Amino acid sequence: MPYITASICGLPSPHLPILLDVALSAEALPEVAAVVTTLIANTDKVNPSPM
């Protein structure tokens, strides 16, 4: 899971509180990685690109 650090750095700031909550309650890193993947998939919904 070396990609997780770069992925976290690329998240928009509105996602960070969600990630913090998960990181504090997760029992293992794969749980955090799964949430990071979901947040990345939803990035366009939080920070839509102008057309």
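Keep in mind the model is a prediction, meaning the values are calculated, not measured. Basis for what follows: all heavy atoms, side chains included, without hydrogens, waters or symmetry-related copies.
- In plain terms, the two heavy atoms of V36 and S7 that are nearest each other are CG1-CB, 3.6 Å.
- Listed here is the closest heavy atom pair of P12 and T43: CG-CG2, 3.7 Å.
- Screening V22, L16, I18, L24 for a side-chain contact (heavy atoms from CB on, under 4.5 Å) involving L20 leaves a single residue, L24.
- Contact record, I4 with A33: CD1-CA, 3.7 Å, taken as the closest heavy-atom pair.
- The line from CG of L19 to CD1 of I8 is 5.0 Å long, rounded to the nearest 0.5 Å.
- Residues P17 and P14 come closest through the heavy atom pair CD-O, 3.5 Å.
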